[in-house]
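Structure, as structure tokens:
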Amino acid sequence: MSYIGKWGFHSIGTLGEEAMEFLTAEEYLNYPMEYIDETDEEEVAHEMQERQKQIGSKIVVCEDGYMYMLSPLPENVSKEEIDKAVSAGIIKLYDGMITDEPMKWEERDGEFWCEFSFGEEGMSRCSDDDGNIMIMTTKYVKEN
């Protein structure tokens with residue numbers, strides 16, 4: 001299997017009673033907001049925006065040994081504001097989505113390995129037994 005291509009959100013892990021449970025996009029949107037005050041409309045709206053952003057995230061794995069983690073552009077921001085932020089160096093775009101610096105990746109024995117800049121040196125295995133890419137607790141499935 002080739003990891004090169006675009007990968008989209010599949011599911012997100014949450015701690016279940018006995019093990020990690022993975023929630024689909026719809027389940028994640030409807031999942032209780034345990035860490036916020038659900039009576040605070042602003043907090044709930046912010047959490048829903050963050051969940052929508054996570055569901056809309058993508059990964060692009062390139063032949064050159066780099067991968068890009070992509071986030072959707074905010075819905076309430078104009079093209080002019082986006083262009084300004086890009087020219088000021090505040091954000092970077094890749095394939096019409098917000099990205100950070102690319103990360104190195106490689107395939108080892110059919111598994112996907114990636115180098116994160118979370119303060120750790122070296123590569124980490126980022127594929128599950130089904131061939132999906134798993135970053136932190138989010139699974140991505142190949143789109144093309």
Side-chain angles (χ1 to χ4, degrees), residues 1-62 64-107 111-144:
M1 173 183 138
S2 172
Y3 287 101
I4 296 168
K6 189 178 272 188
W7 296 71
F9 178 90
H10 175 272
S11 55
I12 192 162
T14 186
L15 291 177
E17 299 216 3
E18 295 188 27
M20 180 81 71
E21 295 176 6
F22 286 89
L23 306 174
T24 64
E26 185 177 335
E27 290 169 333
Y28 182 46
L29 288 175
N30 294 310
Y31 195 74
M33 299 178 187
E34 301 161 330
Y35 302 104
I36 67 166
D37 177 1
E38 290 191 62
T39 63
D40 184 327
E41 290 181 22
E42 267 186 53
E43 281 190 53
V44 170
H46 177 73
E47 177 65 18
M48 288 305 287
Q49 285 177 338
E50 290 301 309
R51 289 181 183 200
Q52 288 285 359
K53 183 174 147 183
Q54 187 68 31
I55 290 167
S57 66
K58 307 252 182 218
I59 293 175
V60 176
V61 179
C62 303
D64 65 1
Y66 286 95
M67 71 171 242
Y68 295 83
M69 296 187 70
L70 311 177
S71 296
L73 293 169
E75 293 178 12
N76 56 347
V77 179
S78 71
K79 180 176 177 355
E80 183 179 276
E81 291 171 300
I82 298 287
D83 292 344
K84 243 186 211 180
V86 169
S87 34
I90 297 168
I91 63 169
K92 294 179 183 183
L93 295 181
Y94 183 96
D95 200 23
M97 296 178 80
I98 297 172
T99 190
D100 290 321
E101 292 298 318
M103 293 182 271
K104 292 181 183 178
W105 76 275
E106 61 186 50
E107 187 174 338
E111 296 177 335
F112 187 82
W113 288 71
C114 183
E115 184 174 83
F116 288 99
S117 57
F118 299 135
E120 283 185 34
E121 295 281 331
M123 297 272 195
S124 299
R125 179 178 177 243
C126 296
S127 55
D128 66 12
D129 295 337
D130 297 324
N132 297 311
I133 292 177
M134 184 133 156
I135 307 292
M136 306 298 267
T137 60
T138 304
K139 278 188 191 184
Y140 294 87
V141 64
K142 193 166 187 187
E143 294 182 342
N144 62 13

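Please read these numbers as outputs of a predicted model, since none were measured by experiment.
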Please give me the minimum heavy-atom distance between Leu93 and Thr99, naming the atom from each residue.
C-CG2, 4.1 Å

By salt bridge (Lys or Arg N to Asp or Glu O under 4.0 Å), Glu106 pairs with (sequence neighbours left out) Arg108

In the structure I gave you, are the side-chain heavy atoms of Met103 and Glu115 within less than 4.5 Å of one another anywhere?
no

Taking salt bridge (Lys or Arg N to Asp or Glu O under 4.0 Å) as the test, write out the residues that go with Glu43, two or more places apart.
none

Suppose we screen for side chain to side chain contact (heavy atoms under 4.5 Å, CB included). Which residues come up paired with Glu26, at least two apart in sequence or across chains?
Thr24, Asn30

Note, Thr137 side chain near Thr14 side chain (heavy atom, < 4.5 Å)
no

Shortest non-hydrogen contact from Ser57 toward Pro72:
N-CD, 4.1 Å

Mind listing the side-chain donor-acceptor pairs of residues 3-12 below 3.5 Å, one per line with the distance, residues two or more places apart or on another chain?
residue, atom, partner, partner atom, Å
Tyr3, OH, Gly110, O, 3.0
Lys6, NZ, Asp95, OD2, 2.4
Trp7, NE1, Tyr3, O, 2.9

Less than 4.5 Å apart, any side-chain heavy atom of Lys58 and any of Glu143?
yes

Any non-hydrogen side-chain atom of Met33 less than 4.5 Å from a side-chain atom of Arg51?
yes

dist Cys126:SG -> Trp113:CH2 (nearest 0.5 Å) comes out at 8.5 Å

For Asp128, all residues meeting salt bridge (Lys or Arg N to Asp or Glu O under 4.0 Å), sequence neighbours excluded
Lys139

How many angstroms lie between atom CD1 of Ile135 and atom CE of Met69, to the nearest 0.5 angstrom?
5.0 Å

Check: Lys142 side chain, Ser2 main-chain N or O, donor-acceptor pair, under 3.5 Å
yes

Glu80 atom CD: more than 12 heavy-atom contacts under 6.0 Å
no

Distance check, rounded to the nearest 0.5 Å: Asp100 atom CG versus Ser71 atom OG?
7.5 Å

What pairs with Tyr94 under ring-ring contact (aromatic ring centres under 6.0 Å, His included), at least two apart in sequence or on another chain?
Tyr68

Closest approach of Cys114 to Met67 (non-hydrogen atoms, all atoms of both residues)
SG-SD, 3.6 Å

Who are the side chain to side chain contact (heavy atoms under 4.5 Å, CB included) partners of Leu15, not counting sequence neighbours?
none

Only counting residues at least two apart or in another chain, list the ones meeting ring-ring contact (aromatic ring centres under 6.0 Å, His included) with Trp105.
Phe112

Can you name the side chain to side chain contact (heavy atoms under 4.5 Å, CB included) partners of Pro74, sequence neighbours left out?
Asn76, Val77, Ile82, Ile98

Sequence neighbours left out, what passes side chain to side chain contact (heavy atoms under 4.5 Å, CB included) with Glu41? Give chain and number order.
none

Do Leu29 and Gln52 have side chains that approach each other closer than 4.5 Å (heavy atoms only, starting at C-beta)?
yes

List in chain and number order the residues that pass ring-ring contact (aromatic ring centres under 6.0 Å, His included) with Tyr140, two or more places apart in sequence or in another chain; answer none if no residue qualifies.
none

Taking everything shown except Phe22 itself, do over 12 heavy atoms lie less than 6.0 Å from its CZ?
yes

Measure the CD1-NZ distance between Ile91 and Lys84 for me, rounded to the nearest 0.5 Å.
13.0 Å

Contact check, side chains of Lys104 and Tyr66, non-hydrogen atoms, under 4.5 Å:
yes

Quick one: salt bridge (Lys or Arg N to Asp or Glu O under 4.0 Å) partners of Glu21, sequence neighbours excluded?
none

